[in-house]
Each structure stands twice: as C-alpha cells, then as structure tokens.
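Computed from a predicted structure; not experimentally measured.
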Amino acid sequence: MSSTKSEILSKLRDRLSESLEEARRDYLLAKESRDSDTKSSAGDKFETGREMMQREMDKLSALIDTTENSLKKLQSLPSAAAAFVCEGSLVETDQEKYFISIGFGKMDDVYAISVESPLGALLKGKKIGESVEMRGKIITIKSIR
C-alpha cells in the first residue's frame, strides 16, 4: 500500500493525538490515586506509595511534553517537495520508504524517522540517485516527494 505525504502526516497526527489523550488520562488517574491515598499507621508504606505515584506522574508528564512537541514539529514541516532530502521529505529508496519527520517507527509501508536519526542524518541533503551506506548496506534514493 503506497501512501502519500498527507496520508502519512494524518496517520502520524492521529496516533500521536491518541497517545497524548491516553497519557493525559493516565496522568489524571495517577494524580487522583496519589491524592486519595490515605495516611496509614504504616507511614513508610504511605510515603512509598505516594512517591511511586509521583514518579509515574513525572514520567507521564515527560511523555505528554514529548508528544506535544512531536505534534508541533509535524505542523511545521514543509509540504512542498525539495530537490534534496530534508525534513518533510518522503524518500523512496531501493530498500524502504522513509518519511523524514519525527522518530516514530514503521507505519504501514513507511518508516517515520527524524533527521537526527543515524539514517536520517545520512540521507539529509542527498539527491535522487545518490547512495548512503548504513550497516554495510548501500541504500540508493529513487525518489523524493
């Protein structure tokens, strides 16, 4: 199944939005759990439980921030095709297809990778017909959209 840039962007946004909604819901549940924990006669157990919930909240807060930043980055990607690989490029190689945007992994038939990733950094600035070497494999660019 071949996807267009707009379809890939839409799927990425949808998946990130779902993840953001879930993280926010989990954060509120952890906060509610932490705040409703009543002090028991075993004070250490109470403090340990509260600390565990606080750690979970901190982790979820970091996930929320990262997801929000990823959504913002997707909104700022250029939509026009360039003559060379850059952020926002949909790159078809003789191996795989890569959407240079955010590090997300495989979605259907395309890998969403960031320009800071090892492969993204190698591809950046390359043109159609040029090749890069990654882990002993030669990857040749067939098209850039």
Side-chain angles (χ1 to χ4, degrees), residues 1-38 44-145:
M1 174 172 129
S2 184
S3 302
T4 65
K5 268 188 0 181
S6 61
E7 289 172 336
I8 296 166
L9 267 171
S10 179
K11 286 179 187 177
L12 270 173
R13 280 190 201 110
D14 289 348
R15 290 188 183 175
L16 287 172
S17 294
E18 287 171 16
S19 177
L20 182 60
E21 193 174 303
E22 186 177 322
R24 285 179 174 155
R25 185 176 52 249
D26 290 349
Y27 180 88
L28 289 174
L29 288 172
K31 184 176 188 310
E32 195 175 285
S33 177
R34 182 201 66 189
D35 294 347
S36 69
D37 211 0
T38 57
D44 286 347
K45 183 179 177 185
F46 168 76
E47 292 301 325
T48 301
R50 285 183 60 86
E51 181 61 30
M52 287 175 62
M53 281 298 115
Q54 186 60 49
R55 285 184 189 165
E56 183 67 18
M57 288 170 56
D58 293 345
K59 188 170 78 172
L60 288 166
S61 180
L63 176 62
I64 290 168
D65 290 344
T66 302
T67 306
E68 286 174 340
N69 288 337
S70 293
L71 280 166
K72 286 177 190 169
K73 185 170 185 176
L74 287 178
Q75 289 175 330
S76 68
L77 290 176
S79 58
F84 54 89
V85 177
C86 60
E87 285 190 321
S89 294
L90 179 58
V91 182
E92 184 177 352
T93 70
D94 58 347
Q95 309 278 321
E96 300 283 349
K97 279 189 193 175
Y98 302 97
F99 182 50
I100 313 298
S101 55
I102 60 169
F104 190 84
K106 190 165 186 171
M107 291 184 20
D108 301 327
D109 62 340
V110 177
Y111 286 91
I113 64 173
S114 74
V115 76
E116 294 89 13
S117 70
L119 182 57
L122 289 174
L123 290 171
K124 184 179 177 182
K126 300 289 186 213
K127 297 179 181 173
I128 296 172
E130 292 187 316
S131 299
V132 297
E133 182 182 345
M134 181 77 175
R135 295 186 188 132
K137 288 184 182 178
I138 303 297
I139 301 170
T140 304
I141 298 171
K142 292 171 43 177
S143 72
I144 303 169
R145 293 184 265 162

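Nearest heavy-atom pair, Ser19 versus Thr67, reported as atom, atom and distance to 0.1 Å: OG-OG1, 4.3 Å. For Glu133 against Leu122, the heavy-atom pair with the smallest separation is O-CD1, 3.4 Å. Heavy-atom minimum distance, Thr140 versus Gly129: CG2-O, 3.8 Å. Scanning all heavy atoms of the two residues, the minimum distance from Glu87 to Pro78 falls at O-CG, 3.3 Å. Shortest non-hydrogen contact noted between Leu60 and Ala23 is CD2-O, 4.2 Å. Across every non-hydrogen atom of Ile113 and Gly120, the tightest pair is CD1-N, 3.8 Å.
For the pair Ser70 (side chain) and Thr66 (backbone), a donor-acceptor distance under 3.5 Å is present. Between the Lys5 side chain and the Gly88 main chain, a donor and an acceptor come within less than 3.5 Å of each other. Judged purely by atom type and a 3.5 angstrom limit, Glu7 uses its side chain to pair as donor or acceptor with the backbone of Thr4. At least one donor-acceptor pair under 3.5 Å links the side chain of Ser17 to the backbone N or O of Arg13.
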I'd like to know whether Leu12 forms a side chain to side chain contact (heavy atoms under 4.5 Å, CB included) with Ser101, so could you lay out the CA-CA distance, the side-chain angles of the two residues, the decisive distance to 0.1 Å, and finally the verdict. CA-CA 10 Å; Leu12 270 173; Ser101 55; 3.9 Å; yes

Could you walk me through whether Glu68 and Leu20 satisfy the side chain to side chain contact (heavy atoms under 4.5 Å, CB included) test, starting with their C-alpha distance in whole Å, then the side-chain angles of each, then the deciding distance to 0.1 Å, before giving a yes or no? CA-CA 7 Å; Glu68 286 174 340; Leu20 182 60; 3.8 Å; yes

Can you check side chain to side chain contact (heavy atoms under 4.5 Å, CB included) on Ser143 and Val91, steps first, answer last? CA-CA 6 Å; Ser143 72; Val91 182; over 6 Å; no

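Arg15 contributes atom CZ, which lies 5.5 Å from atom CZ of Phe104 (distance to the nearest 0.5 angstrom). Note: Ile100 CD1 to Ser114 OG = 8.5 Å, rounded to the nearest 0.5 Å. Expressed to the nearest 0.5 Å, how far CE of Met107 lies from CG of Asp14 amounts to 9.0 Å. Residue Leu77 holds its CG atom at 9.0 Å from SG of Cys86, rounded to the nearest 0.5 Å. Separating the CG atom in Asp35 from the CG atom in Leu28 is a distance of 10.5 Å, to the nearest 0.5 Å. Here the straight-line distance linking atom CZ of Phe99 with atom CD of Glu92 works out to 15.0 Å at 0.5 Å rounding.
Two residues are said to be in side-chain contact when any heavy atoms from C-beta on lie closer than 4.5 Å; Ile141 and Asp94 fail this criterion. Counting only heavy atoms from C-beta outward, the side chains of Leu16 and Ile102 approach each other to under 4.5 Å. Side-chain contact between Lys142 and Thr93: absent, with no pair of heavy atoms (C-beta onward) separated by less than 4.5 Å. Counting heavy atoms from C-beta outward, Ser3 and Lys11 have side chains that approach closer than 4.5 Å. Taking the side chain as every heavy atom from C-beta outward, Arg34 and Lys31 approach each other to under 4.5 Å. Contact of the Ile144 side chain with the Leu90 side chain is not registered, since no non-hydrogen atoms from C-beta on lie closer than 4.5 Å. For the pair Tyr27/Leu63, no side-chain contact is recorded, criterion being any heavy-atom separation below 4.5 Å from C-beta on. Contact check for Val110 versus Lys106: no side-chain heavy atoms found under the 4.5 Å cut-off.
Scored by the side-chain contact (heavy atoms from CB on, under 4.5 Å) test, Asp58 finds Gln54 as partners (sequence neighbours excluded).
Summarising the local packing, CE of Met134 is surrounded by more than 12 heavy atoms from other residues, nucleotides or ligands at distances under 6.0 Å.
Judged as a salt bridge (Lys or Arg N to Asp or Glu O under 4.0 Å), the pairs with a partner in residues 111-125 (not counting sequence neighbours) are, in order, Lys73-Glu116.
The pair Arg55-Glu51 meets the salt-bridge criterion, with a side-chain N (NZ, NE, NH1 or NH2) lying under 4.0 Å from an Asp/Glu carboxylate O. Salt bridge Glu56/Lys59: present, at least one basic N to carboxylate O contact under 4.0 Å.
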